[in-house]
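Every heavy atom of this structure was used, including side-chain atoms; hydrogens, water molecules and symmetry mates were not.
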Amino acid sequence: KLTDFAGGGIEARLKAAADEWHERKRELELRRTRLASSIEKLEEEAHRSDDAEEELRSLRGQRSAVIALLREHRNEYPLSALERLGVLPNYTLVDDAITLSATLWARTKSAAGDEYHTEIVEYARSGRVAIQEFAPGNSFYAGGHRHYIDALEIGVAQEPLYETWRICPDCAYAAIEVSGETPAGCARCGGAGIADIGSRHTLLRLRKALASGSEESARVYDETDDRTRESYEIITLVDPDPADVSGAWLLSDKTFGAELCTRTRLRTLNLGISERPGEKVPIAGADRHVSRFTVCRHCGAVRETRDDRRGAKAERLHQGWCKVRSGAVPQQWDPLVLLHELTTEAIRFLVPVSMFEVDERLASFKAALLLGIRAELGGNPDHLTVTAADAPNRNGQGRRRFLVLYDEIPGGTGYLGPLADPARIKAILTAAREMIARCPCRSEGRPACHRCLLGVVDRWEYDLVRREL
C-alpha cells in the first residue's frame, strides 16, 4: 500500500540509494589512488622503454578520466541521481536502453609539463541493437572517432551482477537457477536436459559497455571508409507463458494461424565472438557455438579484447586501476554470456516449416507483415519488430515454426491486441499485397524498393526481400 511505503518503504529505499551513491564515490576515489600509485612506480624508473612510456601515457589518461568521473558524480543533479538509482521513475517510453561510456583523453604540452584533458561521451541504443553493437571486441564509430569496446560494467567483485541461469536445450524456456536446486524438467516442454550441467550458464545483463583510449589513436580520418565490425553468435529466445496466451486461431486448409501473447519474455543472448574457439552447446533445439566473454572479476576488462596474441604483459589485460595489477588480489576471470531481456506483448504466427528453409521467403513475409501494419495503422509504428522462433511439436515429431511480432516498448503499448483478430490479419496482408502490386519498382526491374518492402526491414535483409515471394 502507498501508506505503508510512505511510512517505512521509502525510508529504506532512500537509504539504499544513498549507500549506493557513496559506494560509487568511494570506488572512484580508490581507482584514482591506485592509478596514482602505478604512475608513480613507472615515473621512478630511470630508463623507460618505449613500451613503458606508452603505458605511462595510458595510465595518466585513465587517471584523468577517473577524476572527471568523480567530479561528475559529485556534481550530479539530485533528481537525476534519484532517477538513475531507481527511487524516482523514468518515464522514457523506449526499450530499456543500454549505454556505451566512451572515454577519450588528449595530452597537451605546456611550460608546466604535460596536461591531460578528458572527454566522456555516452551513447544509448535499444537492447535489441546494443547486445551486438556494444559487445566487447566491437568498434563503435561516432563523432569522428572509433571507440573500441574492451570492458563491461559488472558491479563490485564481492557481489558481481552475474546470474546463474538454466536454459533448456530443447525449447526457449530459461530461468534463474534457485541456489542448491536442480530442476527435474523444463517448465515448458518437460524435457529433462535442462537438469544437465551443460544447460547451466553464467549470464550478465548488459547495462553498460566501456571504451577508453587516447583521442589521437581513436581518431578516424575522412579519407578512410574502413569500418571494423565484429561478428557474434546471437540468439533470441521467445518464451510466452501459456497462461498469458489467448485468442488462438488456425486456418483449416493451411498451416497458418496466430495467437496473442499478452506477456512474452524475449531473451537475446550474445554467446561470444563467432571466430573465437568455443564449444557446441544445445540451446533451444539447436547446437550453438558458445565462446563466451572472459571478464575480470575486479575491473570488468574483457581478456579477448586486450590480448594482442603477441605475449601481452599480464597487467595490460586489466584496467589501469584494477587491484590485480598491484598484486593486491589474484586474477579471477569469469566466462560470461551477455543477456538482454524484454517483457512485452506479442503476436505469435504459426507458419509453414518450408518458409524457414528459404531465407528470402522468410524475410519477404516479415517485410510484407510490417508493410501491411503500417498501411492499416496509417503511420509508422517503428516500435513493432518481427523475429523468428520455434518450439518442439506437442506430438513429439519435428518442430513448430513461428514468426513473432512484438512491441519493443517494455510491457507493450496495446497496439497488438486488436491486430491479432483473424479478420484484421487478413486485412493487413491484403493491404500489403496491394501496396506491393502498385509500387512503381514493379516496372523498374527491381525486386523491391524503399517505397515498399525495403522501407520496413533492416539493411542486412535488403538482398533477401523479393515481392514474388
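- The two residues Ile149 and Thr305 have their closest heavy-atom pair at O-CG2, 3.8 Å.
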Checklist entry - For Glu279 and Arg292, what are the C-alpha separation, side-chain angles and deciding distance, and is it a side-chain contact (heavy atoms from CB on, under 4.5 Å)? => result CA-CA 9 Å; Glu279 57 181 332; Arg292 301 183 177 88; 2.7 Å; yes
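- In this structure, Arg60 CZ and Thr118 OG1 are separated by 13.5 Å, a value rounded to the nearest 0.5 Å.
- With Thr99 contributing its side chain and Lys208 its backbone, the two residues share no donor-acceptor pair below 3.5 Å.
- The shortest side-chain heavy-atom distance between Tyr141 and Arg229 falls under the 4.5 Å cut-off.
- Using cut-offs of 30° and 60° for the angle between ring planes, the His147 and Phe140 rings count as parallel.
- At least one side-chain heavy atom of Leu339 sits under 4.5 Å from a side-chain heavy atom of Trp165.
- A donor-acceptor contact shorter than 3.5 Å is absent between the side chain of Arg451 and the backbone of Ala448.
- The side chain to side chain donor-acceptor pair (under 3.5 Å) search around Lys323 returns none, not counting sequence neighbours.
- Arg467 places a side-chain N or O within donor-acceptor distance of the main-chain N or O of Arg446, the cut-off being under 3.5 Å.
- Ser199 places a side-chain N or O within donor-acceptor distance of the main-chain N or O of Gly193, the cut-off being under 3.5 Å.
- Residues Ser101 and Ile120 have side chains in contact (heavy-atom distance under 4.5 Å, counting atoms from C-beta outward).
- To the nearest 0.5 Å, atoms CG (Leu454) and CG (Leu464) are separated by 10.5 Å.
- Look at Glu29 and Arg26 and you find no salt bridge, because none of the NZ, NE, NH1 or NH2 atoms lies under 4.0 Å from a carboxylate O.
- Atom CD of Glu216 is surrounded by 12 or fewer heavy atoms from other residues, nucleotides or ligands within 6.0 Å.
- Looking only at atom types and distance, the side chain of Thr344 has no donor-acceptor partner in the side chain of Asp407 under 3.5 Å away.
- Between Leu204 and Leu338, some side-chain heavy-atom pair lies under the 4.5 Å cut-off.
- Shown here is Arg74, whose CZ atom has more than 12 heavy atoms of other residues, nucleotides or ligands within 6.0 Å.
- A donor-acceptor pair shorter than 3.5 Å can be found between the side chains of Glu304 and Thr294.
- Remark: the backbone N or O of Pro136 is paired with a side-chain donor or acceptor of Tyr232 at under 3.5 angstrom.
- The shortest distance between side-chain heavy atoms of Tyr406 and Arg128 falls below 4.5 Å.
- Glu461 places no side-chain N or O within donor-acceptor distance of the main-chain N or O of Ala363, the cut-off being under 3.5 Å.
- In Asp287, the CG atom is crowded: over 12 heavy atoms of neighbouring residues, nucleotides or ligands sit closer than 6.0 Å.
- Between Trp321 and Leu35, the shortest heavy-atom distance links the atoms N-CD2, 3.7 Å.
- With hydrogens and angles ignored, the 3.5 Å screen pairs no side-chain donor or acceptor of Asp239 with any backbone N or O of Tyr173.
- Phe293 pairs by the ring-ring contact (aromatic ring centres under 6.0 Å, His included) definition with nothing, not counting sequence neighbours.
- Atom SG in Cys168 sits 11.5 Å away from atom CZ in Arg166 (nearest 0.5 Å).
- Of all heavy-atom pairs spanning Val404 and Arg348, the tightest one is CG2-CG, 4.1 Å.
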Checklist entry - Under the side-chain contact (heavy atoms from CB on, under 4.5 Å) criterion, do Arg125 and Ile98 qualify, and how do the steps go? => result CA-CA 6 Å; Arg125 292 290 184 271; Ile98 293 171; 5.9 Å; no
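- Residues passing the salt bridge (Lys or Arg N to Asp or Glu O under 4.0 Å) test with Glu233: none are found, sequence neighbours excluded.
- In terms of heavy atoms, Leu369 sits closest to Phe349 at CD2-CE1, 3.8 Å.
- Remark: the backbone N or O of Ile131 is paired with a side-chain donor or acceptor of Asn270 at under 3.5 angstrom.
- The backbone N or O of Gly455 lies less than 3.5 Å from a partner atom in the side chain of Arg374, making a donor-acceptor pair.
- For the residue pair His117/Glu215, the side-chain donor-acceptor check at 3.5 Å is not satisfied.
- Here the side chains of Ile154 and Asp334 are not in contact, with every heavy-atom distance at 4.5 Å or above.
- At least one side-chain heavy atom of Leu342 sits under 4.5 Å from a side-chain heavy atom of Pro410.
- With Leu269 as the fixed residue, the side chain to side chain contact (heavy atoms under 4.5 Å, CB included) test singles out one of Thr236, Ile167, Ile234, Val290: Ile167.
- Nearest heavy atoms, Leu416 versus Ala346: CD1-CA, 3.7 Å.
- Interatomic distance, His318 NE2 to Arg325 CZ, rounded to the nearest 0.5 Å: 8.5 Å.
- Here Tyr415 pairs with His383 under the ring-ring contact (aromatic ring centres under 6.0 Å, His included) rule; sequence neighbours left out.
- Summarising the local packing, CD of Glu159 is surrounded by 12 or fewer heavy atoms from other residues, nucleotides or ligands at distances under 6.0 Å.
- Atom CG in Leu203 sits 9.0 Å away from atom CD1 in Ile176 (nearest 0.5 Å).
- Separation of atoms CG (Leu403) and NZ (Lys366) is listed at 7.0 Å; rounding is to 0.5 Å.
- At most 12 non-hydrogen atoms from other residues, nucleotides or ligands lie less than 6.0 angstrom from CZ of Arg263.
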Item to check | Test log, rule side-chain contact (heavy atoms from CB on, under 4.5 Å), inputs Leu42 and Leu59 | outcome: CA-CA 10 Å; Leu42 270 177; Leu59 291 172; 3.7 Å; yes
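- When the side chain to side chain donor-acceptor pair (under 3.5 Å) test is applied to His201, no partner is found at least two apart in sequence or on another chain.
- For the pair Gln319 and Cys299, the tightest heavy-atom approach, listed with the atom from each and the gap, is NE2-O, 2.8 Å.
- Arg297 places no side-chain N or O within donor-acceptor distance of the main-chain N or O of Gln332, the cut-off being under 3.5 Å.
- Qualifying ring-ring contact (aromatic ring centres under 6.0 Å, His included) partners for His145, counting only residues two or more places apart in sequence or in other chains: none.
- Shown are Leu266, Val129, Thr385; of these, the side chain to side chain contact (heavy atoms under 4.5 Å, CB included) with Glu408 is made only by Thr385.
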